[in-house]
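Read the structure below first, then the notes.
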Amino acid sequence: MDYHFTEEQGLLRDAFAQFAKEEIAPHAAAWDAEDHVPMDIVPKLGEMGIMGVFVPEEYGGTGLGHIERCIALEEIARYSAGLAMMVFTHHLGVAAIVDYGTEEQKQKWLPGMCDGSCVCGLAVTEPGGGSDVAGLKTVAVLEDDTWTINGRKCFITNSHCAGVTVVTCRTGEDEKGRPLMSTIAIEAGTEGFKPGREENKLGLRGSFTGELIMDNVKVPAGNTVGAPGKGMPITMKELGEVGRASMAAIELGILRACLEDAVAFAKERVLYGKPISKLQAIQFQIAEIRCDYEASRLMLYNAAAMKDEGKVGAEFSMAKYFISEAAVRSAKRLMEIMGGYGFVNEYPAGRYLRDAVGCIPSCGTSEIQKMIVAGETLKKF
Ligand SMILES: Cc1cc2nc3c(=O)[nH]c(=O)nc-3n(C[C@H](O)[C@H](O)[C@H](O)COP(=O)(O)OP(=O)(O)OC[C@H]3O[C@@H](n4cnc5c(N)ncnc54)[C@H](O)[C@@H]3O)c2cc1C
């Protein structure tokens with residue numbers, strides 16, 4: 001199952017797969033059942049070079065690219081999509097600092113973010129609506145080189161464990177009255193900044209998702225990530241390119257879990273004196289899952305390669321949309337292949353379905369991805 005990876009990428013994939021098998025697979029069911037966030041694995045992810053996989057070596061990173069980042073996420077999500085959510089959101093915040101941070105910010109925060117001692121987050125969504133990013137209400141006011149921030153974010157991954165969160169805030173209006181945003185890094189422990197309610201999620205358990213409350217939070221102007229007023233393009237770029245490829249990688253990991261479990265179950269389950277893998281109806285289900293997996297893999301790694309080459313396009317949205325829907329249908333197919341066994345929590349098929357459904361809203365729902373794809377298609381063709 002190789003996507004024309006280089007020899008080095010192939011070796012890296014083997015190393016990540018081995019790590020995931022040993023450190024994640026044995027615990028994934030319990031993390032889901034107990035809604036446990038395994039913070040003790042974060043330094044190990046740092047040691048493996050995963051937390052800072054795309055960060056330049058001078059800041060403590062592994063100095064690789066987004067293909068390698070997606071390989072890591074696929075391998076983690078093969079066993080625990082919930083844990084992969086923690087890692088992907090960390091990467092999202094880190095990417096904002098790598099792409100737009102000042103030298104001082106990079107030196108201050110990136111080494112800890114790479115070794116796993118500091119988890120990062122990116123907070124955009126608010127109760128007023130996630131798809132309508134321009135409608136967000138968290139306000140930051142700059143006075144005497146200090147931001148004062150007030151507002152509330154919701155559905156934020158790593159809400160209860162991030163050492164630094166990059167927060168998108170409204171900081172003014174342009175001459176046409178349109179909101180101007182800025183992205184501002186807030187460190188955990190800053191007065192007035194605290195996590196609120198932690199969500200009890202249907203799936204993607206094993207990562208925190210919750211509120212962040214900002215009540216007169218004071219941070220220095222030096223914490224602005226990128227130019228003030230440019231927060232909207234910064235947020236959209238990171239969500240669009242890093243976020244959507246990451247979500248697609250997580251969904252690909254779920255899809256691969258469905259494929260591998262479907263084959264294993266079909267070969268083991270004996271009916272009418274032979275394994276059900278001999279039944280054509282079961283073979284067709286497996287063929288559908290395999291086609292979805294192979295198409296998804298090509299879409300994801302093509303989008304990741306585009307990111308590494310500095311190209312932009314609707315491919316990130318196509319991959320996110322197609323693979324999230326493919327993961328949901330594959331999990332349903334796996335449950336069908338498994339009959340009654342697919343519906344009991346002793347087997348992970350139900351978890352795959354819950355996780356796959358949970359991936360759909362993150363970094364933009366399927367409707368939002370289709371709007372982006374349609375917009376580009378109508379211009380291009
Ligand atoms: C597990 C998880 C983790 C998350 N982590 C983060 C995080 O770390 N940081 C963060 O900022 N956010 C995070 N989110 C929030 C996520 O980005 C939002 O849920 C998402 O953007 C959708 O926003 P919403 O939930 O407010 O839905 P809404 O925007 O209220 O959408 C409701 C419905 O309306 C549809 N809709 C909206 N606009 C249109 C339109 N123009 N045309 C057609 N249909 C439309 C949507 O598709 C959806 O079906 C996370 C969400 C989840 C589930």
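Hydrogens, waters and symmetry mates are skipped; everything else that's a heavy atom, side chains included, is used. Both ligands and their constituent atoms are indexed starting at 1 by order of listing.
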Glu104 vs Lys108, test: salt bridge (Lys or Arg N to Asp or Glu O under 4.0 Å). Steps then yes/no. CA-CA 6 Å; Glu104 202 186 330; Lys108 182 177 179 194; over 6 Å; no
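- Each of the atoms 17 (O) of ligand 1 lies under 4.0 Å from some heavy atom of Cys363.
- The minimum heavy-atom distance linking Leu212 with Ser159 is given by the pair CD2-O, 3.6 Å.
- Closest approach of Ala162 to Gly121, counting heavy atoms only: CB-N, 4.2 Å.
- Shortest contact from atom 53 (C) of ligand 1 to any protein heavy atom: Pro361 CG, 3.7 Å.
- Among Glu199, Glu367, His90, the residue whose heavy atom lies nearest to atom 45 (C) of ligand 1 is Glu367.
- In this structure, the protein non-hydrogen atom closest to atom 12 (N) of ligand 1 is Thr125 OG1, 2.7 Å.
- Enclosure of atom CG in Asn345 is not indicated, since only 12 or fewer non-hydrogen atoms of other residues, nucleotides or ligands lie within 6.0 angstrom.
- At a 3.5 angstrom cut-off on N or O pairs, Asp132 does not count as close to ligand 1.
- The distance from ligand 1 to the heavy atoms of Met371 drops below 4.0 Å at these ligand atoms: 40 (C), 41 (N), 42 (N).
- Nearest protein heavy-atom neighbour of atom 13 (C) of ligand 1: Phe155 O, 2.9 Å.
- At least one cation-pi condition fails for Arg333 and Tyr352: the charged atom is not both under 6.0 angstrom from the six-membered ring centre and inside a 45 degree cone around its axis.
- Val225 pairs with exactly one of Thr102, Leu122, Thr183 by the side-chain contact (heavy atoms from CB on, under 4.5 Å) rule, that one being Thr183.
- In terms of N/O distances under 3.5 Å, ligand 1 is not approached by Thr209.
- Here the protein heavy atom with the shortest distance to atom 30 (O) of ligand 1 is Gly129 CA, 4.4 Å.
- Within ligand 1, counting atoms from 1 as listed, the ones closer than 4.0 Å to a heavy atom of Leu122 are 7 (C), 8 (O), 9 (N), 10 (C), 11 (O).
- In this structure, atom 16 (C) of ligand 1 has protein heavy atoms in its sub-4.0 angstrom surroundings.
- What sits closest to atom 46 (C) of ligand 1 on the protein, heavy atoms only, is Thr365 OG1, 3.5 Å.
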Please report the C-alpha distance between Glu74 and Arg78 in whole Å, then the side-chain angles of each, then the deciding distance to 0.1 Å, and finally whether the salt bridge (Lys or Arg N to Asp or Glu O under 4.0 Å) criterion is met. CA-CA 6 Å; Glu74 182 191 341; Arg78 160 63 185 90; over 6 Å; no
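- When only interatomic distances are considered, the shortest N/O to N/O separation between Val124 and ligand 1 falls below 3.5 Å.
- Heavy-atom proximity to atom 26 (O) of ligand 1, evaluated over Gly130, Gly135, Gly243, is greatest for Gly130.
- Ser362 CB, 4.2 Å is the protein heavy atom nearest to atom 52 (C) of ligand 1.
- In this structure, atom 40 (C) of ligand 1 is in close contact with the protein, since a protein heavy atom lies within 4.0 Å of it.
- Distance check, rounded to the nearest 0.5 Å: CD1 of Ile234 to OH of Tyr100 gives 5.5 Å.
- Under the 3.5 Å distance criterion, the side-chain polar atoms of His66 are left unmatched by any main-chain donor or acceptor of Ser246.
- Close approach of ligand 1 to Thr89 is summarised as follows: ligand atoms under 4.0 Å from at least one heavy atom of the residue are 8 (O).
- For ligand 1, the polar-atom distance check against Gly364 finds no nitrogen or oxygen pair separated by under 3.5 Å.
- The nearest non-hydrogen atom to atom 5 (N) of ligand 1, considering only Leu204, Thr157, Leu92, Val167, comes from Thr157.
- At a 3.5 angstrom cut-off on N or O pairs, Glu126 does not count as close to ligand 1.
- The shortest contact between atom 36 (N) of ligand 1 and any protein heavy atom is with Ser131 OG, 4.4 Å.
- Counting non-hydrogen atoms of neighbouring residues, nucleotides and ligands closer than 6.0 angstrom, the CD atom of Gln280 reaches no more than 12 such neighbours.
- The aromatic rings of Phe265 and Tyr347 stand perpendicular to each other, their planes meeting at an angle above 60°, with 30° marking the opposite boundary.
- Crowding of Arg152 atom CZ: a count of heavy atoms from other residues, nucleotides or ligands under 6.0 Å not exceeding 12.
- Looking at Ala123 next to ligand 1, no N or O pair under 3.5 Å apart turns up.
- Between the side chain of Lys230 and the main chain of Leu180, no donor-acceptor pair closer than 3.5 Å is present.
- Note: no N/O pair closer than 3.5 Å links Lys201 and ligand 1 by distance alone.
- Inclusion of Gly358 in the set of residues having an N or O under 3.5 Å from an N or O of ligand 1 is not warranted.
- Protein non-hydrogen atoms do not reach within 4.0 Å of atom 32 (C) of ligand 1.
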Show, in sequence, the C-alpha distance, side-chain angles and deciding distance for Lys44 and Glu23, and conclude whether the salt bridge (Lys or Arg N to Asp or Glu O under 4.0 Å) test is met. CA-CA 9 Å; Lys44 293 183 192 168; Glu23 300 283 344; 3.1 Å; yes
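- More than 12 non-hydrogen atoms from other residues, nucleotides or ligands lie less than 6.0 angstrom from CG of Asp174.
- Contact analysis leaves Lys153 out of contact with ligand 1, as no non-hydrogen atom separation drops below 4.0 angstrom.
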